[in-house]
Amino acid sequence: MVARDRVYVTRRRVPDAIALLEKHFEVDVWEETSPPPRPVLFEQLARSQGILTEVDDIMDREALEAGTTLKVVSNRAIGLDNVDLPEATRRGIAIGNTPGVLHESCADFTFALILSVARRVAFADRRVQAGRWKIFDQMPYLGRDVYGATLGLIGFGRIGQAVARRAVGFDMPVLYHSRTRRPDQEERLGVRWVPDLSSLLRESDFVSVHVPLTEETRYLVGEREFGLMKPGAFLINTSRGGTVDPDALRAALSAG
């Protein structure tokens, strides 16, 4: 009998995919909810031809060096910032990801955050749960309107476009700043391309980040960018956390 290739799966989150893999390969699954420790990961990589990773599995040069028989890294994520792509390319390891499977869900979540932060939903819920709603006093909970407010999208791929579609129902003027201009979507959705990020930040009541994390986008939103935003504007980030400088964010929050 010919030995089958081995695939290591770093979490049991996608049972259907695991069942499909088991039809064709020898499959090992890490059963914990946290990532496998590096020694376990390296041991598995040394004897596997494929690995199904999550976004918090760091496939850096050291990990790829351990995968002496590795042929494929399949990353269950849209982003690939957890994989050393140049090193994988040098070693002839194929890399896969999962674009397009969650853009509508992510857009739902983005708009949920916009509504929650504007209408103070989470704040009000915490106050009620803590027993601090004693009288009919609306003032601490009013928040501000989303309807008619200007939305600025940094990045205009599948997720950014899906968020823009939702904004149409709230009559929000939508601006977008992206490497690639999309005239077809401008006409279809009534959005406006802004060639420079500074203008978008100055004009927007809500700024929503939808870019992959790369060396070019790391800390894309920093002290200068926060300084350009309107007083009282909101920042929504459903991309990788590293696109926003946390120290600059802390300073901006402290300054109101």
Side-chain angles (χ1 to χ4, degrees), residues 1-113 155 157-163 165-166 209-215 217-218 236-243:
M1 187 174 69
V2 178
R4 298 199 296 177
D5 283 346
R6 296 182 60 85
V7 174
Y8 184 53
V9 181
T10 63
R11 240 69 102 249
R12 194 176 284 280
R13 290 177 180 166
V14 280
D16 291 348
I18 293 170
L20 185 60
L21 287 169
E22 287 173 338
K23 292 180 179 180
H24 304 280
F25 306 102
E26 295 294 331
V27 178
D28 246 334
V29 182
W30 176 251
E31 297 291 350
E32 304 296 330
T33 56
S34 56
R38 297 284 275 183
V40 173
L41 178 66
F42 290 1
E43 179 185 344
Q44 289 288 349
L45 285 169
R47 60 198 188 104
S48 298
Q49 285 70 55
I51 181 170
L52 177 57
T53 53
E54 301 286 331
V55 69
D56 51 349
D57 296 313
I58 306 303
M59 298 298 293
D60 54 13
R61 175 175 294 184
E62 190 180 17
L64 295 172
E65 284 175 349
T68 53
T69 61
L70 195 62
K71 299 175 183 176
V72 177
V73 175
S74 184
N75 201 42
R76 198 183 69 90
I78 296 171
L80 288 166
D81 49 281
N82 58 315
V83 181
D84 187 333
L85 295 178
E87 182 64 18
T89 301
R90 191 179 73 79
R91 293 176 173 274
I93 299 171
I95 307 296
N97 63 335
T98 55
V101 297
L102 290 174
H103 61 282
E104 297 291 356
S105 300
C106 189
D108 280 354
F109 187 68
T110 299
F111 225 85
L113 291 175
R158 287 188 180 97
I159 297 173
Q161 291 171 41
V163 173
R165 289 196 295 273
R166 285 151 178 78
V209 184
H210 301 285
V211 295
L213 180 60
T214 65
E215 287 309 309
T217 62
R218 186 175 296 278
I236 309 294
N237 183 20
T238 52
S239 67
R240 296 286 184 260
T243 58

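- Here the closest non-hydrogen pair linking Val72 and Ile93 is N-CG2, 4.0 Å.
- Summarising the geometry, atom NE2 belonging to His103 is positioned 8.5 Å from atom CD1 belonging to Ile159; distances are rounded to the nearest 0.5 Å.
- Once rounded to the nearest 0.5 Å, the distance linking NE2 of His210 with CD1 of Ile236 reads 9.0 Å.
- In terms of modelled atom types and a separation under 3.5 Å, the side chain of Thr217 and the main chain of Thr214 share a donor-acceptor contact.
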Check step by step if side chain to side chain contact (heavy atoms under 4.5 Å, CB included) holds for Leu52 and Val14. CA-CA 10 Å; Leu52 177 57; Val14 280; 4.1 Å; yes
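- Annotation: Phe109, atom CZ; neighbour count of heavy atoms from other residues, nucleotides and ligands within 6.0 Å does not exceed 12.
- Not counting sequence neighbours, the partners of Glu54 by the side chain to side chain donor-acceptor pair (under 3.5 Å) test are Arg13, Arg76.
- Under 4.0 Å is where a charged nitrogen must lie from a carboxylate oxygen, and between Arg165 and Glu104 at least one such pair does.
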Side chain to side chain contact (heavy atoms under 4.5 Å, CB included) between Asp108 and Arg166, intermediate numbers included: CA-CA 8 Å; Asp108 280 354; Arg166 285 151 178 78; 2.8 Å; yes
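- Residues Asp5 and Lys71 are in side-chain contact: their nearest non-hydrogen atoms beyond the backbone lie under 4.5 Å apart.
- Taking the charged nitrogens against the carboxylate oxygens, Arg6 and Glu26 have no contact shorter than 4.0 Å, which rules out a salt bridge.
- Taken to the nearest 0.5 Å, the OG1 atom of Thr89 stands 7.0 Å off from the CD1 atom of Ile95.
- Salt bridge Arg11/Asp57: present, at least one basic N to carboxylate O contact under 4.0 Å.
- For the pair Arg240 and Val55, the minimum side-chain heavy-atom distance is below 4.5 Å.
- Atom CZ of Arg47 has more than 12 heavy atoms from other residues, nucleotides or ligands within 6.0 Å.
- Across Arg158 and Pro99, no two heavy atoms sit closer than the pair NH1-CB, 3.7 Å.
- The shortest non-hydrogen separation linking Ala63 to Ile58 is CB-O, 3.8 Å.
- Put simply, the side chain of Tyr8 reaches to within 4.5 Å of the side chain of Leu41, judged on heavy atoms.
- Considering only heavy atoms from C-beta on, Asp56 stays 4.5 Å or farther from Asn82 through its side chain.
- The CG atom of Asn75 lies 7.5 Å from the OG1 atom of Thr98; values are rounded to the nearest 0.5 Å.
- Not one N or O on the side chain of Thr243 forms a donor-acceptor pair closer than 3.5 Å with the backbone of Arg218.
- Contact check on Asp84 versus Arg91 returns no salt bridge, with no Lys/Arg side-chain nitrogen under 4.0 Å from an Asp/Glu carboxylate oxygen.
- The minimum heavy-atom distance between Trp30 and Val40, with the atom names listed, is CZ3-CG1, 3.9 Å.
- If you take CZ on Phe25 and CG on Leu20, they are separated by 9.0 Å, rounding to the nearest 0.5 Å.
- Note that OG1 of Thr53 and CE of Met59 are 6.5 Å apart. Values are rounded to the nearest 0.5 Å.
- Of the possible polar contacts, one joining the Arg4 side chain to the Lys23 backbone as a donor-acceptor pair under 3.5 Å is found.
- Nearest heavy atom pair, residue Thr10 against residue Ile51, reads CG2-CD1, 3.9 Å.
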